[in-house]
Amino acid sequence: MANLGHVYLIGAGPGDPGLLTIRGKEILEKADVVVYDRLVSPAILGMCNAKAKMVDVGKMPTHHKVKQSEINKLLVQFAREYPQGIIARLKGGDPFVFGRGGEEALELVDAGVEFDVIPGITSAISVPAYAGIPVSHRGIATSFHVITGHEKAESNGELSLDFETLAKCSGTLIFLMGIANMDFIAKRLMECGKDPKTPLAFIEKGTTPYQRTVMATLETAGETIVREKVTAPAITIMGGVVELGQTLAWKKNLPLSGKRLVVTRAAKQASGISARLTALGAEVIETPMIETRTLDIPDVYEVTSLRGSERPKQSIHADFEDLKNIDVLAFTSTNGVESFFKQLLASGHDIRELAGKKIASVGKITEKKLLEYGIHCDYVPEDHTGEGLGKLLAALIPQSTEGATSYPIPRILLLQGNLADETLLNLLPKATRWVVYETLPVTELPEWKREAVEKADAVVFASTSAVENFVKLMSQGTAGVPPYLKATNGSAPIPQTSFCIGRMTESAAQKHGFETVISDETTMDSLVKKIVEYYSAGERA
Ligand code: SAH
């Protein structure tokens, strides 16, 4: 129906974001509304259209957040509110495996709402696979049975399972939602004749960085859950195949397994470090604090001439013809590099304009970015700071000609963002600065992201502005008194540890009450190394 939205029942897979289907991702990227469950990972929520309305209907095992009947109605309501819109109903695992997807679909049919089902990888099979347990195996199990351990009979409130039949199955038994009732389930199966020595495994938070496998037998199931504090979400798998897990457990315990880290870099820059931390086993929550936007044409921020400095009253556009009068181009960020070259080309010029000029960079990352444009840097300060760069460039200005009216005083052009501090400019009495990109602080955190951040182990900061904005965002809705850790009355489990690049960043973080760990060098490599060192040393692990 043309005046209704289209609903997609999408399986998000068991947890590892890489296990979402390509089709599922395609729909999430263009969804207008995303209605999601508790078990969906933040990384998958992060893939959703940034403009989508995000609706959390997650259920906690103890208190139902939104009733199933309300969810059903909600989907119909969104289909009406968003004519021709895309409504993604995102569910853990597969939507039709104990996901109540069928009930939602029936309601949609009733209301005349069109829908697609995008299957997901069910936890029933994939979670054992991540623990090295094949659900079927030649000579051991010729069938597998997926059972809910939760479904109560309406008449007497007891588990409505046919234990007689289940106990006779020689195949693998896989229980979902069964932890709370497992003691009872195991006893009933034994009463009905299942071998008490049947090997069994509980796999908790499978496919996520927190995955844990606990082995038991049918007769020790109940006590093992208590002793090992097995908690949901977990799967119970029973049968001979479980023993293969001893040999086939392939998932390595990585240096950052079980750590949740918040990366506060701008989206464009975050992916490099996020990928590396993820590969080391961490769960990464990308939470950019700033968004950058390349200006169409650079703004001239300040022109200092030999006659003294002039700062334009209003922003004036830069003229690329002026490059002819420049001897040194200085870059202080990869954004600056990218923006400048974009603008250079857009203005009808190209890199031939830079022939014969000297190029300076604040540090290694910017230097590497310039290399991508085919440019070696002439000047990089050893300490990789704006101050270091300022001193290095200032030293190029010959003392004897200071104040003279004719060159060889090198004419320096700084290519920076609108929020660049004045350190560099102040150290260079004879420089021009073009603002090539704008940095806009992110002013709002979606609820799902705030929740994910609150549960993180640590935050990664690469700039003072990231620290300041993070604190501001996280203080919203709380008492809001910095230091923000105190503002939460010590109750909210907000991360206390921060990994910082640069001394300024570190002191900003300390000011707000973070414990800080600073990288040896101002590079991401160095920071990643430091994070691994920190956790392998067992501190607060
Ligand atoms: N539709 C889902 C199942 C929903 S029922 C699917 O196809 O996977 C929820 C149950 O699934 C949980 O109680 C737990 O038994 C299981 N489960 C889901 N994700 C899991 C995970 N990552 N690790 C272990 N069990 C999981």
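Start at 1 and go down the list; that is how both ligands and their atoms are numbered.
Using a cut-off of 4.0 Å between Lys/Arg side-chain N and Asp/Glu carboxylate O, Asp183 and Lys187 are scored as salt-bridged. With respect to the salt-bridge test (charged N to carboxylate O, under 4.0 angstrom), the residues Glu104 and Lys91 qualify. Salt bridge status for Asp56 with Arg38: absent, with no side-chain N to carboxylate O gap under 4.0 Å. Here Asp520 pairs with Lys530 in a salt bridge; the nearest charged N to carboxylate O distance falls below 4.0 Å. A salt bridge does not link Lys73 with Glu107: none of the charged nitrogens is closer than 4.0 Å to a carboxylate oxygen.
In terms of polar-atom proximity, Asp94 is counted as a contact of ligand 1, with an N or O under 3.5 Å from an N or O of the ligand. Of the polar atoms of Thr208, none of the N or O atoms is found under 3.5 Å from an N or O of ligand 1, judged by distance alone. Checked by distance only, ligand 1 and Ile121 stay at 3.5 Å or farther apart across all their nitrogen or oxygen atoms.
In terms of protein heavy-atom proximity, atom 3 (C) of ligand 1 is nearest to Val97 O, 3.5 Å. For atom 21 (C) of ligand 1, the nearest non-hydrogen atom of the protein is Gly206 N, 3.6 Å. Scanning the protein heavy atoms around atom 2 (C) of ligand 1, the nearest turns out to be Gly92 O, 3.2 Å. For atom 10 (C) of ligand 1, the closest non-hydrogen atom on the protein side is Met177 CG, 3.6 Å.
Heavy-atom contacts of Phe98 reach the following atoms of ligand 1: 4 (C), 5 (S) (cutoff under 4.0 Å). Near Ile235, the atoms of ligand 1 lying under 4.0 angstrom from a non-hydrogen atom of the residue are 24 (C), 25 (N). For ligand 1, the atoms sitting less than 4.0 Å from at least one non-hydrogen atom of Ser123 are 6 (C), 7 (O), 8 (O), 11 (O), 16 (C), 17 (N), 18 (C), 19 (N), 20 (C), 26 (C), numbered in the order shown with element in parentheses. Interface atoms of ligand 1 facing Leu39, defined by a heavy-atom separation under 4.0 Å, are 18 (C), 19 (N).
No side-chain donor-acceptor contact under 3.5 Å links Thr287 to the backbone of Val262. No donor-acceptor pair closer than 3.5 Å links the side chain of Ser498 to the backbone N or O of Val459. Panel note: side chain Asn181, backbone Phe184; no donor-acceptor pair is recorded below 3.5 Å. Remark: side-chain polar atoms of Ser536 are paired, donor with acceptor, to backbone N or O of Val532 under 3.5 angstrom.
By the 4.0 Å heavy-atom criterion, Lys205 is counted among the residues contacting ligand 1. The shell of residues lying under 4.0 angstrom from ligand 1, judged by heavy atoms, includes Val127.
For Glu103, the side-chain hydrogen bond (donor to acceptor under 3.5 Å, both in side chains) partners at least two apart in sequence or on another chain are Arg100. Qualifying side chain to side chain contact (heavy atoms under 4.5 Å, CB included) partners for Glu219, counting only residues two or more places apart in sequence or in other chains: Met190, Pro196, Lys197, Thr217.
Of the heavy atoms in Ala234, only backbone atoms (N, CA, C, O) come closer than 4.0 Å to ligand 1.
By heavy-atom distance, the residue among Thr122, Val146, Thr148, Ile125 lying nearest atom 7 (O) of ligand 1 is Thr122. Here the shortest heavy-atom distance to atom 24 (C) of ligand 1, taken over Asp16, Ile203, Leu176, belongs to Ile203. Atom 22 (N) of ligand 1 has its nearest heavy-atom neighbour, among Pro14, Gly15, Gly149, in Pro14.
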